[in-house]
Protein chains: 2
Amino acid sequence: MKTLKISEAVVRRLPVYLRHLKELKQSEVLTISSQDLGQKLDLNPAQIRKDLAYFGDFGRKGIGYDVSYLIEQIRHILKLDQQINVALVGAGKLGQALCNYSGFLNDNMKIVAVFDAFPAKIETAIRDLQVQPMEDLKESVEANNIRIGIITVPALEAQQVADRFVEAGVEAILNFAPVILKVPAHVRVHTADFSTDLFSLAYYLPNEGKDVVTNDTTIDHT
Amino acid sequence: MKTLKISEAVVRRLPVYLRHLKELKQSEVLTISSQDLGQKLDLNPAQIRKDLAYFGDFGRKGIGYDVSYLIEQIRHILKLDQQINVALVGAGKLGQALCNYSGFLNDNMKIVAVFDAFPAKIETAIRDLQVQPMEDLKESVEANNIRIGIITVPALEAQQVADRFVEAGVEAILNFAPVILKVPAHVRVHTADFSTDLFSLAYYLPNEGKDVVTNDTTIDHT
DNA sequence: TAGATTGTTAATCGATTAACAATC
DNA sequence: TAGATTGTTAATCGATTAACAATC
């Protein structure tokens, strides 16, 4: 085990490893090499070995990695071996989609409360969750040991909601609104902004052949 | 203007610049410095200047960047000065959320067709769009000059849908399903996988004080 | 002119990849 | 033993940041 800075790039690959390992387990694959894993995930095998080696010696020379064992280890690294409660604010379509997402099911990550500022939403339920008014946020966060907040409200309201989350004592925020949130340093924010993904995709569209051929860009295919 | 490789990191910041510049324009700000922009976006001013300088000399020494002009330029770089038609497969909650997203409105990026494999969905409409059966995909892509495909179906179906998109002649794919898609090199894929965002967020949660203090990680706050 | 700010070079920092001894 | 594959070091590659001359 090394005592080193772990870069965000490394951490963001761990869930990808985990997901694929779970698929392998389902297929009753017992062991996997960095070679094969790299192939499946379009990653360099050396990178995979290095990523994992930051956290421990999980593999066996000549053999590879034991699938079940590695799953356990990664879940531990990601803190998914304890239940992590999540609250979501914004009961629109996106919020509903996230609440119904089943990918967390075996991972102790659970959306346990949903809030909305719009009174008409309060009547409704998503999954098994009654939508609650914003006034209940702080109390609920405290009562239910909620550590992560998800924001799925329009851009203009996102900062306010973030402030409420911070005040309620949430430790991390996943923000789907297209704004840069300002929060204290002890609260970590990840922004999942699909319009960034989509717009940057447009950049890579081949130029339509009509005009001059431009070559001021090298497409970096990743 | 330089003839250089433009990294993906640079390209992914352009939409962020664009978005904020549009807000500035709305507030009738005429000019902005890399300094101020960096402050708002949590980015290093030198990085912003360098990013923009890849594409042209957009600023004025001593003054900064003309907001309207820079908006125009970035929209051009991202190819958003031409209409880009998009198709979406998967008319679930997430698909509906994306279709109703209004952030594209001034950007010529438009979802013009929605498909679903599930017959019951075909009856329904999202926004002004009748959901169509998968059989119509290829014809519609060709007829409507659709260049980008969005995938919002469950993981197990995503690769199939990607294959259909590729076959239909789509040039780029935005994939929301938690799988690594295999597509030919000429088709660019961006994956927007929020469970990766969420799981990696868990990693950064402070350890609850109960046990030993661990220091095998330096939190890289970004 | 003095102050501000760009575009760009050079320095730094960090991440990826190749290579290989260790070893199952 | 021979073949496979790890963990790790060294080499490479790339991205960020600092610094500053040019100039508005």
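Proteins come first, then strands; the chains are lettered A, B, ... in the order of their sequence lines, and each starts at number 1. All heavy atoms count here, side chains included; hydrogens, waters and symmetry mates do not.
Both A:Ala46 and B:Lys50 lie close to DNA chain C; mapped to their nearest nucleotides by heavy-atom distance, the more 5′-ward contact belongs to B:Lys50.
Of the charged side-chain nitrogens involved, none lies within less than 4.0 Å of a carboxylate oxygen, so that A:Lys182 and A:Asp163 do not count as a salt-bridged pair.
Between B:Asp42 atom CG and D:dT17 atom C1' the separation is 16 Å, expressed in whole Å. A:Ile48 places its CD1 atom 17 Å from the P atom of C:dA15, with the value rounded to the nearest Å. Atom CG in A:Leu52 sits about 12 Å away from atom P in D:dT8, given to the nearest Å. The CD-P distance, from B:Glu8 to D:dT16, rounds to 12 Å in whole Å. As rounded to whole Å, 16 Å separates atom C1' of C:dT8 from atom CZ of B:Phe58. Look at CG on B:Asp51: it is 7 Å from P on D:dT16, rounded to the nearest Å. If you take CD of B:Gln35 and P of D:dA18, they are 11 Å apart, rounded to a whole angstrom. In this structure, the CD1 atom of B:Ile63 is 10 Å from the C1' atom of C:dT6, given to the nearest Å.
Regarding contacts with the backbone of C:dT5, every side-chain N or O of B:Ser34 stays at 4.0 angstrom or more from both OP1 and OP2. Close to D:dA4, at under 4.0 Å from its OP1 or OP2, lies no side-chain N or O of A:Tyr65. For the OP1/OP2 pair of D:dA15 and a distance below 4.0 Å, the side-chain nitrogens and oxygens of B:Tyr54 include no atom meeting the criterion.
Taking only side-chain atoms of B:Ser33, from C-beta outward, the nucleotide of D:dT6, D:dG7, C:dT5 with the closest atom is C:dT5. In this structure, of D:dC24, C:dT16, D:dA18, it is D:dA18 that holds the atom nearest to the side chain of B:Asn44. Listed nucleotides: D:dT23, D:dT8, D:dA15. Nearest to the side chain of B:Lys61: D:dT23.
Checking D:dG14 for Watson-Crick or G-U wobble geometry (two distances, each under 3.5 Å) identifies C:dC13 as its partner. Across all strands shown, the partner of D:dA21 is C:dT6, judged by Watson-Crick or G-U wobble contacts whose two distances both fall under 3.5 Å.
With A:Thr191 as the fixed residue, the side chain to side chain contact (heavy atoms under 4.5 Å, CB included) test singles out one of A:Asn175, A:Ile180, A:Val179, A:Leu181: A:Asn175.
Side-chain N or O atoms of A:Lys93 include none that pairs as donor or acceptor with a backbone N or O of B:Gly92 at under 3.5 Å. A donor-acceptor pair is defined here as one N or O able to donate and one able to accept, closer than 3.5 Å; no such pair exists between the side chain of A:Asp197 and the backbone of B:His190.
Here B:Arg49 lies in heavy-atom contact (under 4.0 Å) with a base.
Aromatic ring pairs are classed by plane angle as parallel below 30°, tilted from 30° to 60° and perpendicular above 60°; the pair B:Phe199 and A:Phe104 is tilted.
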